[in-house]
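Let me begin by presenting the structure, written as structure tokens, before commenting on it.
Just so it is clear, the model here is predicted, and its values are computed rather than measured. In the text below, chain A, chain B and the rest are named by the order of the sequence lines, each starting its count at 1.
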Amino acid sequence: MANEILAREPNYLEYQGKHKGIAGWLLTLDHKRIGLMYLMAIMVFFFVAMTLGVLMRLEMLTPGETIMKPQTYNSVFTLHGVIMVFLFIIPAIPAVFGNFFLPIQLGAKDVAFPRLNLFSWYLYILGAILAVASLFSGSGAADTGWTFYVPYSIRSAQNVTMTTMAAFVLGFSSIVTGLNFVVTIHRLRAPGMTWFRMPLFAWGLYATSWIQVLATPVIGITLALIMLERFLGIGVFDPALGGDPILYQHLFWIYSHPAVYIMILPAMGVVSEILPTFARKDIFGYKQIAISSLGIAFIGYLVWGHHMFVSGMSDASRIVFSLLTFLVAIPTGVKIFNWVATLYKASIKFSAPFYYVLAFIFIFSIGGLTGLVLGALATDIHVTDTYFVVAHFHYVMFGGMGIMFFATMHYWFPKMFGKMYSEKIAIIACTQIIIGFNMLYFPMFIMGYMGMPRRYYDYLPQFQGWHILSTVGSWILVTGIVFMFGNLLYALLKGPKAPDNPWGGTTLEWRIKGLPTLENFEEIPVVTGGPYVHDRPTYIMHPSKEIQHTNGDAKKAEKEGVSH
Amino acid sequence: MTEYTETAEHVHESGHMHRDDEASKMAMWLFLFTELLLFGGMFLLYGAYRFQYADGFKVAAADMNSFIGAVNTIILLTSSLSVALSIGAIQRNQKKLALAMLWFTLLCGLGFLVNKYFEWSHEISNGIYPGGPALQEMSNGQVIYFGLYYVMTGLHGLHVIVGMVFLAVMIAFIQKDIITNSNYQKLENAGLYWHLVDVIWIFLFPLFYLLH
Amino acid sequence: MSEQIYSQEQASGAQAAHHTEGGHAHITGYGTYILVWLGLVALTAVTVTVAGIHLGSLTLITALVIAAVKTSLVGYHFMHIKYDNAITKIFILVCIVIFLTFWILTFSDLSFR
Amino acid sequence: MNPITELVDDSFIFIVGISVILLVGITAAMIYFVFRYSEKNNPKPDQSITGSTTLEILWTVIPLLLVLAMFFYGYAGFKEMRSIPPNAMVVKVTGKMWFWHFEYENKKTSDTLLYLPADKDVRFELQSVDVNHSFYVPAFRVKEDCIPGRTNYMWFHTSQVGTYDIECAEYCGLNHSYMLGKVIVLPESEYLAWVNKVDTVKKVDSVKTDSLKTVLPKTDSLKTTLTKTDTTKAPVNRKDTTRTVKKDSVMRKENK
Ligand code: HEA
Ligand code: HEA
Ligand code: CUA
Ligand SMILES: [Cu+2]
């Protein structure tokens, strides 16, 4: 009977409110539509930045000029970094999938502040426009690297001001999303959903949001100071006037190190969603995984100095930062071990999203473990600012968060669009991505240890073999990614209708029949147990009806429900 | 506690308006944290440079007019009081008093800015501004001191202006009875913001004016 | 409608705990505010006088301590932290702790190089 | 023998070794579970397994010990890098967009090519006159930034005679990738002969400076001349000596 009522409600895609057509999207306050708008915008920039990446690989195919001049190359890697970091990887999972699924997983009708949510999308677009405009105005996009190190960034004749302005605005957008999520998680959990009954994706987002709120302002002011320095010459970052370039690096990394955990924590949250679903079993060590997210977020604030081991920072400081850096590995390890343990005595349903998660665990571990090489003082001093670092961060960013972004798309695609894609093609594409990825980035570790510095337009001939291997890898990766997106796009247009719960997921979004409606739930559900319990229901989806059935036993059920 | 709070600002057409003051207060505090850390970055720079250029900073600070600084401190403290009082007045349903207090706060804010204006123009007319003739003669420590001085007090001044805009909107809301004795979280939030601006000045004042 | 039935359950979720009116039951007397203000003005006077006397490195420390006291007065009374729930207090604590770590770790560089 | 190189390589092998063991273990367990507990092989999952305190403690404490060991390894190498032998010779290194300038103890200078005696400890004082650079000699596993407005230091031990690459490792603008150079380690006697031959070489040096400044931004001539040396390995290939060296005919003869 409940289904009948639901069937009459239009889903969020069909819903016609005050505004129709395109305005119904641009003025929407629905978290799901805003999520999709983010998805579209983010995909556009992701493709732009990926194309820049592939162009860089082409340039590196041969020593000397291959397809571009040094000035172009310098702008290309800067823009590649800026777009990937600020326009893709930081907003991707929180702003798209967090927006879409966080409220549903919490049993809420929307985020706490829908208007702010839309506002943050517009800020994102504004920042994106500025980033793109910096290409075509003034003397062209910044050529400083995404780190904007002074004093080069205040001396460069390129349009650095506009690029930093873009990053500044994007930072603001990120803060607003984070703030919204913290309040949403505190205030809008469904009745019965205690902290330790919250899905782990929500935990990941919670930790992420705190980083967004508490770290982002620091980069805001730092970038603003670069702009002021360029316009007015206030001196705080200009060594000619007594400013200290190392202080700039402190301020930059105070934000940008925690930011790498903004990138990875939501992805780790999704891993914790996908694994129990396909293992068809409760997750191993729920509480440890939940708490370790907060642990990573906190320790993440204490390690920024590991980016500055050769900058001339005090020796004492280098030692402290190196020691602290190693501590981040512990909560991350706890997560990895718990994930693997979840598979023990499971009954695994092998599907595309699960395959991506396996790829993630393998590739991210490589990335993380090489992070330890960078964390150790002696080795970092040798490999810092070489391709070893480039390999490390592509393994964690692309191989970690990027692969999980793909996994997330495959996992929630049926619930977002109501369509099903070809799993076979998805798995083939994933295999190809894994091969191409490793061929692209693994040689960089070797080159890096051999002493190939990063941000080099040109290189010494002894590196050419590795560069060729790497470039060929990028082509394999390109086709894999094109294949994957093609598959999804085809499904979107022509795919068969997806079942309500194709994977047997246990969290609230899978309990919704069909696509979510405007308000997600006809009635706010009542939660009676943990999120990944497979052998009994832990949610009462239609409390008013079901309670009458069971003589108002919701309370009792809740008490009995194991709350982990 | 009779209703399920759907969203703090529940705006779906189909839904009825729900209010969650707790949520909006929480959001306001989070926003204040971001402001705090924004200035925090600047204070960190100040601390670092003061550590490095202790003497230059002292010499530079000797130029500052600590009297104007002190007056401005008192002005802001008083304005904080009046905002707090206006909330108290709204709680007691004394609309007139609340309005008067807010107008008084705006006046204080204006006074603060006027003072700042005179102070800045005095410095500038002496050639003390980034790239200015007097500054070019000075030591690195002094240059950075004044660089920070202009950025930090400028940013603070900007916040005073934003705060005044907030409070002006609150005045309109009170007049239209949107803010009442049972619904005044908006005013609380504006007040929180204003107090934050005050708190930041509480630190700026000794750091820039009392360094002899 | 149904929401009413489940109001009790909400207590175990996040929704419930403090609803609006509950939080605002506390009304501070005007007198308290004015007293606090007097305290703040007095402290300002103290900082100015202390700065006049030459205490060396103590000048900075006293100035900062007084500023911290003033801040806590403003926060506690004017910003109503006094009446706030535990969550807000924890939030503020977290923010302060993070901010302090920025200082401590940055100065681990500056003061040893 | 070069103590730093060995320490760095040893800590690298230590960390990578542990990492590989962990990675293989994790991956093997994962793959084994996926097959052993597939839907087909294990139709009914064991729902009673939700965690284990013992395991949690184990995989917190063991990794903690491992990473502490890694830290100490890295720290030991670092300590060596920062403890300069007391009688090390001093060379002032100045980074400039986009070439290296060296000043020796007797005020003699050279650009791009750094001449050092074999089997000596050398302390470098690193400065920059414009933007950040980073003085990097991969063969000796050391680098340190050159930051305008301050002097950083580093040192290494020149082990054997040979030619080693110098690279700028901190992004510094247009020709960052051409800010290369060579360490030319000579037998002590040849070095002394070179460093004391003030007049002739000085002339050549200034020529070099000028040609570098003018040539670099336009073409990649430096790259084509300063090439073909294995960065990782020490041995010199005499034929690789660069054009600038060739000009210095005296040098070349002494080298042979
Ligand atoms: C998603 C982003 C992301 C993530 C998650 C990480 C994670 C980590 N990173 Fe990385 N890092 C970057 C993105 C990221 N990094 C970027 C972008 C840069 C370069 C920026 C630039 O200069 O442009 C960088 C640079 C960088 C440096 C500076 C290098 C340099 O410039 O010299 C260092 C140094 O310590 C470092 C360390 C680490 C460590 C220790 C972790 C740890 O969190 C990793 C923890 C994970 C594991 C350890 C693996 C899994 C765990 C186990 C298998 C358990 C058992 C293992 C043990 C405990 C031993 N990173
Ligand atoms: C999320 C983060 C992210 C991701 C996903 C990537 C993806 C890629 N990046 Fe990376 N990269 C960064 C973040 C990222 N990058 C950052 C932060 C830097 C540092 C910048 C700096 O130094 O300041 C960097 C720097 C960097 C460098 C170093 C530059 C240097 O130091 O000189 C290189 C060099 O090869 C590179 C290459 C690539 C490539 C080939 C990809 C590929 O994996 C991309 C894969 C894409 C595809 C496979 C294309 C998909 C298909 C299409 C777009 C269709 C049409 C296109 C074609 C047919 C060409 N990147
Ligand atoms: Cu000099 Cu890069
Ligand atoms: Cu980092």
(message) For a 4.5 angstrom cut-off between non-hydrogen side-chain atoms, does D:E39 reach A:I348?
(response) no
(message) Only pairs of heavy atoms separated by less than 4.5 Å count here; which of D:M154, D:R36, D:K143, D:E170 has the most with chain A?
(response) D:K143
(request) Return yes if some donor-acceptor pair links the side-chain N/O of A:S347 with the main-chain N/O of D:P43 below 3.5 Å, else return no. (result) yes
(request) State plainly whether the residues A:K335 and D:E56 are in salt-bridge range, i.e. N to O under 4.0 Å. (result) no
(request) State whether the side chain of D:Y171 and the backbone N or O of A:D143 hold a donor-acceptor pair below 3.5 Å, judged by distance alone. (result) yes
(request) Drop me the distance from D:L180's CG to A:L460's CG, to the nearest 0.5 angstrom. (result) 5.5 Å
(message) So D:R82 and A:R318, do their side chains get closer than 4.5 Å, heavy atoms only?
(response) yes
(request) Give a yes or no answer on whether the side chain of D:N132 reaches the backbone of A:Y149 with a donor-acceptor pair at less than 3.5 Å. (result) no
(request) Sort out for me which of D:I31, D:L23, D:V142 touches chain A most, counting heavy-atom pairs under 4.5 Å. (result) D:L23
(message) Given heavy-atom pairs under 4.5 angstrom as the criterion, report whether the side chain, backbone, both or neither of A:R454 touches chain D.
(response) backbone
(request) Check whether A:Q71 gets within reach of chain D through its side chain, its backbone, both or neither, counting any heavy atom under 4.5 Å. (result) both
(request) Rounded to the nearest 0.5 Å, what's the gap from CZ on A:F309 to CZ on D:F78? Could you check? (result) 8.5 Å
(request) Using a cut-off of under 4.5 Å on heavy-atom pairs, state which of D:G77, D:C172, D:P148 scores highest against chain A. (result) D:P148
(message) Minimum heavy-atom separation for A:K281 and D:I49, please, with both atom names.
(response) NZ-O, 3.7 Å
(request) Kindly give the heavy-atom pair with the smallest separation between A:L343 and D:Y37, and that separation in Å. (result) O-CD1, 3.5 Å
(request) With rounding to the nearest 0.5 Å, note down the distance linking CG in D:D145 to CD in A:Q249. (result) 6.5 Å
(message) Under 4.5 Å from any heavy atom of chain D, what part of A:Y73 do you find: side chain, backbone, both or neither?
(response) neither
(request) Determine the minimum heavy-atom distance between A:V310 and D:S134, stating which atoms define it. (result) CG2-OG, 4.5 Å
(message) Below 4.5 Å, heavy-atom pairs only: which of D:Y136, D:Y73, D:Y75, D:F35 has the largest tally toward chain A?
(response) D:Y136
(message) Checking A:Y456 against D:H176 for the ring pair (Phe, Tyr, Trp, His ring centres under 6.0 Å) test, could you report, in this order, the C-alpha distance in whole Å, the side-chain angles of both residues, the deciding distance, and whether it holds?
(response) CA-CA 7 Å; A:Y456 258 32; D:H176 163 58; 4.7 Å; yes
(request) Could you tell me whether the side chain of D:N42 and the main chain of A:A346 form a donor-acceptor pair under 3.5 Å? (result) yes
(request) Considering non-hydrogen atoms only, spot the tightest contact between D:M30 and A:V340 and give its length. (result) N-CG1, 4.2 Å
(request) Side chain from CB out, backbone as N, CA, C, O: work out which of these in D:S52 comes under 4.5 Å of a heavy atom of chain A, or both, or neither. (result) both
(message) Tell me which of these, D:F14, D:Y32, D:F71, has more heavy-atom pairs under 4.5 Å with chain A than the rest.
(response) D:F71
(message) Need one label for A:Q464: side chain, backbone, both or neither, based on atoms under 4.5 Å from any heavy atom in chain D.
(response) neither
(request) Locate the shortest heavy-atom distance separating A:A376 from D:I15; write the atom from each residue and the value. (result) CB-CD1, 3.5 Å
(message) Counting C-beta onward and ignoring hydrogens, is there a side-chain heavy-atom pair between D:T50 and A:Y286 closer than 4.5 Å?
(response) no
(request) Could you look at A:S311 and say if it's the side chain, the backbone, both or neither that has a heavy atom under 4.5 Å from chain D? (result) both
(message) Counting only non-hydrogen atoms closer than 4.5 Å, does A:I366 touch chain D with its backbone (N, CA, C, O), its side chain (CB onward), both, or neither?
(response) both
(message) Parallel, tilted or perpendicular, judged at 30° and 60°: which one describes the rings of D:F33 and A:Y344?
(response) tilted
(request) For chain D, find its close neighbours in residues 377-389 of chain A: heavy-atom separation under 4.5 Å, sorted by number, or none. (result) A:L377, A:A378, A:T379, A:I381, A:H382, A:V383, A:T384, A:D385, A:T386, A:F388
(request) Identify which part of A:F364 has an atom lying under 4.5 Å from any heavy atom of chain D, answering side chain, backbone, both or neither. (result) neither
(request) Select, from D:L66, D:D9, D:L55, D:I4, the one with the greatest count of heavy-atom pairs under 4.5 Å involving chain A. (result) D:D9
(request) Ignoring hydrogens and angles, tell me if any N or O in the side chain of D:R150 forms a donor-acceptor pair with the backbone of A:G312 under 3.5 Å. (result) yes
